[in-house]
Amino acid sequence: MLLVELIRKNPEEVKRKLAKKNFNQPEIVDEIISLDTKRKKIQTALDDFLSQRNTISKEIGSLMQSGQKELAENKKNEISTIKENTLVLEADLKVVEDKLFNQLVTLPNLPSDLVPEGKTPEENVCTFIVKEIPVLSEDAKPHWELTEKYDIVDFELGVKLTGAGFPVYKGKGAILQRALISFFLDEAGKAGYNEVIPPLMVNEESAFATGQLPDKEGQMYHVTEDKFYLIPTAEVPITNILRGELLKENQLPIKYTGYTPCFRREAGSYGKDVRGLNRLHQFDKVEIVQAQHPDKSYETLDEMAKHVENLLIKLELPYRILRLCGGDMSFASALTYDFEAYSGAQKKWLEVSSVSNFETFQSNRLKLRFKNADGQNILAHTLNGSALALPRIVACLLENNQTPEGIKIPSVLQKYTGFDMIK
RNA sequence: GGAGAAAUGGCAGAGUGGUCGAUUGCGACUGUCUUGAAAACAGUUGACUGUAACAGGUCCGGGGGUUCGAAUCCCUCUUUCUCCGCCA
């Protein structure tokens with residue numbers, strides 16, 4: 001959530017930046033400012049009445065104690081008009097505050113200056129691409145045929161148990177999942193991230209604080225009986241670990257990693273993009289999360305991107321890095337790098353990681369702050385990235401590493417799988 | 001699921017209708033002393049809002065109510081603890 005203070009100070013700049021993010025209702029910015037002005041006015045008037053009330057109440061108190069009951073009664077009468085006024089103003093204030101809040105939550109985060117202009121994924125800027133994109137032979141099979149051939153992922157069975165998008169990993173397929181998770185967690189651990197296993201369901205407050213509510217309500221599975229949401233990413237519970245914290249400056253950066261399954265309704269998705277492992281309702285992911293000093297958060301973003309890049313290199317996967325344009329970025333992000341691995345048989349790039357700096361957009365909702373040397377409370381910056389999402393990695397590994405003898409396992413994974421070939 | 005008890009500042013723990021934003025202890029920070037440290041002594045030590053700066057306002061688990069006035073009384077929700085039941 002954007003800070004009202006920032007909007008007040010630079011309304012035109014805010015509008016310009018919002019436009020870059022494909023947000024086309026600049027009038028909301030003006031409405032927010034006028035609502036906030038109204039809010040302040042009401043608040044000041046209300047405070048004034050409350051102040052009078054407090055003073056008189058104290059006087060009544062001392063009169064009562066000194067036994068001057070009649071004078072006290074007179075004071076009580078005096079206070080009744082004041083009380084009526086406070087009730088009216090309190091009601092007004094609530095209306096204005098609600099309106100203000102509802103407008104404020106519709107605004108996406110402002111893009112950093114590094115974000116390229118653009119409205120569609122085609123306008124993302126490729127900042128790195130491997131020299132050689134593998135060309136497989138014409139009879140190379142897409143992963144959904146390979147998973148069937150080797151009986152390692154069973155989509156039909158998942159349909160029987162739950163529905164489309166909930167595959168069952170079997171045998172070496174299941175072990176491969178476990179191996180990747182362990183590998184990713186070990187790498188994150190080596191990079192200084194503290195490993196956690198968070199809940200897979202969160203409450204409304206958590207979903208709001210990281211920005212999923214109200215923006216992405218329809219994308220989450222909602223457990224209505226208990227008002228919980230199944231997490232769409234570990235980002236939600238892990239970042240919320242820090243909700244409400246007032247840290248010491250020297251505690252930064254705080255680094256967490258965690259593996260969780262992720263649940264996404266993917267309403268509106270269909271067609272080729274959802275084939276096989278490309279897009280699922282439940283998938284596994286290892287996430288890295290940091291809270292950092294505002295002065296250092298962009299360095300940290302680069303460091304996290306480097307971490308993700310190294311994973312792809314170690315897995316020997318061809319990849320490219322995109323700096324997302326304003327129109328393709330997520331609601332809460334200020335700058336995002338997407339990592340795409342090449343899927344040789346599908347002949348296309350699949351997004352396997354997204355690394356973002358949210359600046360204060362999340363921390364403002366989280367109330368995640370630190371105390372600086374001057375004793376001021378400053379909002380920290382939050383960042384996160386997938387490191388990595390499993391299904392598309394598996395898809396690429398299967399397709400790119402297929403041979404007539406079977407599917408080769410990258411050497412870095414072999415100590416985790418215990419085998420070097422799926423056959 | 002049933003019965004009971006509780007929720008106060010970083011922590012511990014007072015406070016049962018008025019000068020309580022909150023006694024006290026510990027911790028932390030600053031100063032004095034010291035070559036330095038410890039000890040001792042003195043002081044400081046929550047957040048939000050608001051202002052040019054003051055002032056003012058709000059916050060004692062969340063929400064609502066009673067009252068001129070609520071940490072304190074009432075209702076409700078949540079959480080924790082104890083006992084019973086159930087269970088991996």
Side-chain angles (χ1 to χ4, degrees), chain A residues 1-9 32-105 197-209 213 223-229 237 240-252 254 291 360 362-380:
Chain A
M1 194 156 63
L2 297 180
L3 291 159
V4 184
E5 203 182 330
L6 176 83
I7 299 173
R8 290 188 75 97
K9 275 188 190 152
I32 285 173
I33 293 174
S34 102
L35 282 168
D36 189 51
T37 308
K38 216 162 159 184
R39 198 208 90 231
K40 282 191 181 181
K41 221 166 146 185
I42 297 174
Q43 182 81 62
T44 313
L46 174 62
D47 286 355
D48 203 43
F49 282 121
L50 287 176
S51 171
Q52 289 178 40
R53 189 201 68 185
N54 289 343
T55 311
I56 297 176
S57 287
K58 277 183 188 167
E59 283 168 15
I60 293 174
S62 51
L63 287 173
M64 295 291 271
Q65 282 189 337
S66 61
Q68 297 171 276
K69 291 228 165 91
E70 274 183 37
L71 283 173
E73 286 303 321
N74 289 343
K75 290 273 179 193
K76 282 193 195 180
N77 295 334
E78 196 180 313
I79 224 165
S80 68
T81 20
I82 293 175
K83 207 182 176 189
E84 278 166 32
N85 286 328
T86 61
L87 289 176
V88 172
L89 288 174
E90 271 170 3
D92 289 354
L93 185 63
K94 190 170 166 21
V95 170
V96 172
E97 277 179 342
D98 286 352
K99 271 191 199 163
L100 179 62
F101 177 80
N102 287 333
Q103 298 281 38
L104 215 45
V105 294
I197 301 179
L200 304 183
M201 291 190 259
V202 293
N203 57 30
E204 248 173 72
E205 258 183 298
S206 295
F208 172 77
L213 288 181
V223 183
T224 51
E225 185 77 14
D226 297 286
K227 294 186 178 157
F228 293 151
Y229 291 89
N240 269 281
I241 291 173
L242 297 166
R243 174 150 50 89
E245 289 290 311
L246 182 54
L247 304 166
K248 288 177 183 151
E249 189 165 356
N250 64 15
Q251 284 179 274
L252 296 172
I254 291 188
T360 59
Q362 290 182 331
S363 58
N364 185 28
R365 295 189 182 197
L366 290 159
K367 295 286 168 269
L368 167 59
R369 296 160 303 168
F370 66 91
K371 210 175 257 302
N372 73 5
D374 298 332
Q376 293 169 305
N377 297 327
I378 314 278
L379 289 171

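The structure displayed is predicted, hence computed values, not measured ones.
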Provide the distance between the two [atom1] atoms, one in [N] and one in [M], to the nearest whole Å.
| N | M | atom1 | value |
| --- | --- | --- | --- |
| B:rC75 | B:rC86 | C1' | 31 Å |
| B:rA70 | B:rU32 | P | 45 Å |
| B:rG62 | B:rU8 | C1' | 15 Å |
| B:rA52 | B:rA38 | P | 44 Å |
| B:rA28 | B:rC11 | P | 15 Å |
| B:rG15 | B:rG57 | P | 28 Å |
| B:rA71 | B:rU16 | C1' | 10 Å |
| B:rG18 | B:rA5 | P | 25 Å |

Distance in angstrom units between [X] [atom1] and [N] [atom2], rounded:
| X | N | atom1 | atom2 | result |
| --- | --- | --- | --- | --- |
| A:Glu5 | B:rC48 | CD | P | 12 Å |
| A:Asp48 | B:rU51 | CG | C1' | 14 Å |
| A:Gln43 | B:rG56 | CD | C1' | 10 Å |
| A:Glu78 | B:rC68 | CD | C1' | 10 Å |
| A:Leu246 | B:rC11 | CG | P | 12 Å |
| A:Leu71 | B:rC68 | CG | C1' | 14 Å |
| A:Ile42 | B:rU58 | CD1 | P | 17 Å |
| A:Leu46 | B:rC48 | CG | P | 20 Å |

N/O (side chain, [X]) to phosphate O (OP1/OP2, [N]) under 4.0 Å:
| X | N | answer |
| --- | --- | --- |
| A:Arg53 | B:rU67 | no |
| A:Asn377 | B:rC48 | yes |
| A:Lys76 | B:rG69 | no |

[N] pairs with, by Watson-Crick or G-U criteria that keep both distances under 3.5 Å:
| N | answer |
| --- | --- |
| B:rA3 | B:rU82 |
| B:rC11 | B:rG25 |
| B:rG46 | B:rC59 |
| B:rA40 | B:rU32 |

Residues A:Arg369, A:Ile378; criterion side chain to side chain contact (heavy atoms under 4.5 Å, CB included); working and verdict: CA-CA 5 Å; A:Arg369 296 160 303 168; A:Ile378 314 278; 6.0 Å; no

Listed nucleotide nearest any side-chain atom of [X], set [options]:
| X | options | answer |
| --- | --- | --- |
| A:Lys83 | B:rG57, B:rC48, B:rG69 | B:rG69 |
| A:Leu50 | B:rG18, B:rG46, B:rG57 | B:rG57 |
| A:Arg369 | B:rG69, B:rA47, B:rU19 | B:rA47 |
| A:Arg39 | B:rU49, B:rA47, B:rG18 | B:rU49 |
| A:Lys40 | B:rU51, B:rC68, B:rG57 | B:rU51 |

Expected output: side-chain [X] to main-chain [Y] donor-acceptor under 3.5 Å:
| X | Y | result |
| --- | --- | --- |
| A:Arg243 | A:Ala209 | no |
| A:Gln251 | A:Lys248 | yes |
| A:Ser363 | A:Ala380 | yes |

Residue met sooner reading RNA chain B from 5', once A:Lys367 and A:Ser57 are mapped to nucleotides: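 First, find each residue's nearest nucleotide; the 5'-ward one identifies A:Ser57.
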
Which residue lies more 5' along RNA chain B, comparing A:Ile60 with A:Asp47 via nearest heavy atoms: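 Counting from the 5' end, the first nearest nucleotide belongs to A:Asp47.
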
Classify the side-chain pair [X]/[Y] by whether it contains a donor and acceptor separated by less than 3.5 Å.
| X | Y | result |
| --- | --- | --- |
| A:Asp47 | A:Gln43 | yes |
| A:Ser51 | A:Asn54 | no |
| A:Thr86 | A:Arg53 | no |

At under 4.0 Å between heavy atoms, what does [X] touch on the DNA or RNA strands: base, sugar-phosphate, or nothing?
| X | value |
| --- | --- |
| A:Lys41 | nothing |
| A:Asn54 | sugar-phosphate |
| A:Ile56 | nothing |

